[in-house]
Amino acid sequence: MASLSTPLISLPRHPNSSSPSFSTDLRLSSHPALSLIDQCTSIKQLKQVHAQMLRTGALFDPYSASKLITASALSSFSSLDYARQVFDQIPQPNVYTWNTLIRAYASSSDPAESILIFLEMLDHCSECPDKYTYPFAIKAASELRALQVGRGFHGMAIKASLGSDIYILNSLVHFYGSCGDLDLARRVFVKTPKKDVVSWNSMITVFAQGNCPQEALELFKEMEAENVKPNDVTMVSVLSACAKKVDLEFGRWVCSHIQRNEIKENLTLNNAMLDMYVKCGSVEDAKRLFDRMPEKDIVSWTTMLDGYAQLGNYEEAWRVFAAMPSQDIAAWNVLISSYEQSGKPKEALAVFNELQKSKSPKPDEVTLVSTLAACAQLGAIDLGGWIHVYIKKQVMKLNCHLTTSLIDMYAKCGDLDKALEVFNSVERRDVFVWSAMIAGLAMHGQGRDALEFFSKMLEAKVKPNAVTFTNVLCACSHTGLVDEGRTFFYQMEPVYGILPGIKHYACMVDILGRSGNLDEAVELIEKMPIPPTASVWGALLGACKLHGNVVLAEKACSHLLELDPRNHGAYVLLSNIYAETGKWDEVSGLRKHMRDAGIKKEPGCSSIEVNGSVHEFLVGDNSHPLCKEIYSKLDEMALRLKSNGYVPNKSHLLQFVEEEDMKDHALILHSEKLAIAFGLISLSPSQPIQVVKNLRVCGDCHSVAKIISKLYDREILLRDRYRFHHFRDGHCSCNDYW
DNA sequence: TTAGGGTTAG
């Protein structure tokens with residue numbers, strides 16, 4: 001670094017360019033320094049010019065000082081810390097100088113600093129913020145989604161008679177939109193006197209990104225009607241709206257419109273077109289475009305990869321992955337998240353392992369969110385916990401996404417205390433964090449606590465959304481809180497402004513049906529303003545099974561099968577109701593129908609994680625390497641159960657069994673029992689046995705697990721399709737209400 | 001010498 005005592009600056013020539021020689025004596029005047037600033041290609045060169053300017057007193061000249069600030073803050077080799085140091089050496093910065101610093105921080109990773117500098121400017125600058133200052137400051141507020149701060153700037157701009165400056169107004173449209181206040185954004189837009197193309201683009205973008213793609217497209221048509229010529233930026237947002245609306249037809253029209261109107265295609269626009277095709281499900285269109293694109297970047301490749309992965313064409317997806325010039329973390333994330341979201345959590349974890357082995361790139365928060373979701377699906381708490389430690393070791397900030405995923409993972413893996421610990425450890429809790437915690441408590445049968453958290457959430461002024469209410473109603477359903485459930489359900493729209501959706505109706509039918517209020521449940525279904533779906537009839541059918549109501553069950557089942565003719569769960573439930581009530585002709589009739597139609601019961605499958613690896617068991621499974629030991633443990637269990645006076649519940653035995661010859665052993669061979677037996681032989685007595693089952697736990701297995709927990713003095717945690725059962729000392733946390 | 005709007009993974 002140049003020191004102030006260096007008498008003459010002499011820099012080496014840049015090897016590959018004709019960069020200027022710095023062997024000029026800068027003491028002669030400030031002008032050569034200024035022209036040299038423009039030619040600097042590194043921070044080192046800039047520092048030398050800076051040193052010289054300090055010596056010549058050039059920083060007293062506001063124009064020269066500004067040039068230096070611009071180069072330090074905004075050039076390709078800029079460093080904000082350095083820019084700030086330079087700034088502090090300028091005796092009297094003018095508005096331009098302040099603006100430059102505010103601008104640089106506004107688009108940096110630390111936009112809050114931009115706002116602090118704005119406030120400093122008010123105190124220390126003799127001039128007021130001008131028409132250039134506000135767009136930068138408003139941009140910083142947008143980045144921070146700081147609604148109140150931005151509103152403050154808006155008010156100040158009006159007071160400074162800058163209220164109709166088009167640059168400021170356009171920034172404000174963008175700002176209100178990014179804070180989620182589409183209404184205010186629109187109001188500013190409407191009041192903008194002479195809208196230019198940027199005004200329209202800003203408003204279209206706000207709609208496209210604010211989940212109002214239809215409004216975005218309508219505004220685009222309005223823009224055309226007003227004879228404002230759209231440009232490439234307009235088309236990017238319009239394409240993004242088409243993608244969100246999944247409107248391939250309009251998307252294709254937009255692409256041809258781009259060509260007809262000779263809007264210059266650039267990389268960003270091509271990528272937006274690619275994205276639209278992929279989101280609208282036409283990977284063929286995407287491929288055709290991709291092949292003719294003159295320039296491709298990592299976004300183009302990742303979008304193609306995503307296109308194949310979303311369609312489940314993993315062969316092609318992996319081919320794209322291998323062909324990409326480099327695999328950045330986004331590419332890995334596409335694979336992990338598409339596996340996770342299409343119900344292939346094991347494949348998701350395998351990709352995560354590959355990523356770990358490859359050493360680079362490093363997982364980012366998106367990777368961890370998807371991987372945690374895969375762990376949650378599998379109940380793989382060892383890996384999930386490892387990721388938690390990894391986050392701490394990397395000193396990654398727990399943002400709300402990660403917090404939500406951790407809470408969800410711990411809750412779904414059975415460790416509610418850990419989930420609560422994560423919840424309590426964070427300062428910021430958005431609606432997703434609260435909702436995940438409420439869901440966690442609900443699935444563990446702690447309905448009253450869940451409702452208490454809901455109250456605390458309201459106290460914390462966090463607005464509940466539709467998901468929150470699904471979880472709250474779920475809590476009521478699992479704990480049998482019928483009156484509370486009814487109250488929340490009927491408060492949703494009038495008090496919280498959330499229209500009950502299909503999931504809320506299904507939950508409510510479940511609450512009412514499960515508690516025996518079958519008539520009220522039917523009445524609710526009949527009064528639904530939206531057509532009931534299979535899940536609503538399924539909830540009613542489940543309630544009928546619980547209360548042995550054959551007539552209503554048949555009605556619910558026929559509605560269900562009308563909507564979803566291949567719903568094996570419906571057949572199994574009805575068949576079991578018939579079996580319990582001794583209607584054997586109906587049972588065999590149903591089974592024949594299933595056989596003829598080729599509908600198979602989803603096989604029960606239980607998994608258990610031991611020492612970080614997941615073991616899976618099907619009914620009567622004998623494929624496990626420790627099969628012999630598992631079966632001798634099962635025999636021992638059966639003996640001990642028998643000597644304790646346990647009699648298997650015959651009605652479960654008579655229920656739906658896929659293979660006839662398995663009937664005799666079916667009960668003792670249920671997958672959850674195999675998994676428990678394996679847990680007993682492979683885990684130490686202090687470790688809880690944690691089993692995840694893909695279907696609802698069978699009644700006999702539920703009773704057996706209770707007794708085993710007492711006989712063997714073991715804690716058993718069983719997660720079924722709907723909730724958790726904690727077995728301890730002969731009792732279950734669900735209090736047999738499930 | 002300064003300004004506003006755009007594409008990828010949850």
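Here is the naming used below: chain letters follow the sequence lines, and residue numbers restart at 1 for every chain.
Using a 4.0 Å heavy-atom criterion, one finds that Y63(A) contacts the bases of the nucleic acid, with or without backbone contacts as well. Base engagement by H401(A) is indicated by at least one non-hydrogen atom pair under 4.0 Å involving a base atom. At a threshold of 4.0 angstrom between heavy atoms, the contacts of T70(A) with the nucleic acid are absent. Within 4.0 Å of D38(A), counting heavy atoms only, lies no atom of the nucleic acid at all. When heavy atoms are screened at a 4.0 angstrom cut-off, N270(A) is found touching no nucleic acid atom at all. Note on S202(A): only backbone sugar-phosphate atoms sit closer than 4.0 angstrom, heavy atoms only; bases stay farther off.
Checking dA3(B), dG6(B), dT7(B) against every side-chain atom of N271(A), the shortest atom distance belongs to dT7(B). The V366(A) side chain lies nearest to dA9(B) when the options are dA9(B), dA3(B), dG6(B). When distances run from any side-chain atom of D275(A) to the nucleotides dA3(B), dT8(B), dG6(B), the shortest one goes to dT8(B). Side-chain proximity of S370(A) to dG6(B), dG10(B), dA9(B): nearest is dG10(B). When distances run from any side-chain atom of S66(A) to the nucleotides dT1(B), dA3(B), dG10(B), the shortest one goes to dT1(B). Considering only side-chain atoms of N99(A), the nucleotide from dT2(B), dT8(B), dG6(B) that sits closest is dT2(B). The side chain of D306(A) has dA9(B) as its nearest neighbour among dG6(B), dG10(B), dA9(B). Picking from dG6(B), dT8(B), dT2(B) the nucleotide with the shortest atom distance to the side chain of T205(A) gives dG6(B). Of all nucleotides listed (dT2(B), dG6(B), dT7(B)), dT7(B) comes nearest to the side chain of A272(A). If you check dT8(B), dG6(B), dG10(B) against the side chain of S237(A), the one that comes closest is dG6(B).
Under the 4.0 Å criterion applied to side-chain N and carboxylate O atoms, R292(A) and E265(A) are assigned as salt-bridge partners. A salt bridge does not link K279(A) to D306(A): none of the charged nitrogens lies less than 4.0 Å from a carboxylate oxygen. Ionic pairing of D232(A) and K264(A) is not present here: no N-O contact between side-chain nitrogen and carboxylate oxygen is shorter than 4.0 angstrom. A salt bridge is absent between R288(A) and E284(A): the closest approach of a Lys/Arg side-chain nitrogen to an acidic carboxylate oxygen does not fall below 4.0 angstrom.
Taking atom CE of M121(A) as the reference point, atom P of dT2(B) lies 16 Å away to the nearest angstrom. The separation between Y96(A) atom OH and dT2(B) atom P is 6 Å, rounded to whole Å. Here dA3(B) presents its C1' atom at 19 Å from CH2 of W98(A), a figure rounded to the nearest Å. Between the C1' atom of dA3(B) and the CD atom of E143(A) lies a distance of 15 Å, rounded to the nearest Å. One interatomic measurement links the two molecules: CG of D328(A) to P of dT7(B), which rounds to 17 Å at whole-angstrom precision. Distance CG (D297(A)) to C1' (dT7(B)): 8 Å, rounded to an integer number of Å. In this structure, L372(A) atom CG and dG10(B) atom P are separated by 15 Å, rounded to whole Å. Regarding M276(A), its CE atom lies at a distance of 15 Å from the P atom of dT7(B), rounded to whole Å.
Among residue pairs with one or both ends in residues 92-113 of chain A, those qualifying as salt bridge (charged side-chain N to carboxylate O under 4.0 Å, His left out) are R84(A)-E113(A); sequence neighbours excluded.
Against DNA chain B, the stretch residues 330-345 of chain A makes heavy-atom approaches under 4.0 Å through A330(A), N333(A), S337(A), Q341(A).
Classification of the H257(A)-F220(A) ring pair by plane angle, with boundaries at 30° and 60°, yields perpendicular. Below 30°, between 30° and 60°, or above 60°: for H124(A) and W98(A) the angle between ring planes is below 30°, a parallel geometry.
Note on Q209(A): a side-chain N or O is less than 4.0 Å away from OP1 or OP2 of dT7(B). The side chain of K279(A) contributes an N or O atom lying less than 4.0 Å from OP1 or OP2 of dT8(B). An OP1 or OP2 oxygen of dT8(B) is reached within less than 4.0 angstrom by no side-chain nitrogen or oxygen of K296(A).
Panel note: side chain S75(A), backbone S72(A); no donor-acceptor pair is recorded below 3.5 Å.
Remark: K221(A) is positioned above the aromatic ring of F250(A), its terminal NZ or CZ atom under 6.0 angstrom from the ring centre and at most 45 degrees off the axis.
Y167(A) qualifies as a stacking partner of the dA3(B) base, centre to centre under 5.5 Å and near-parallel within 30°.
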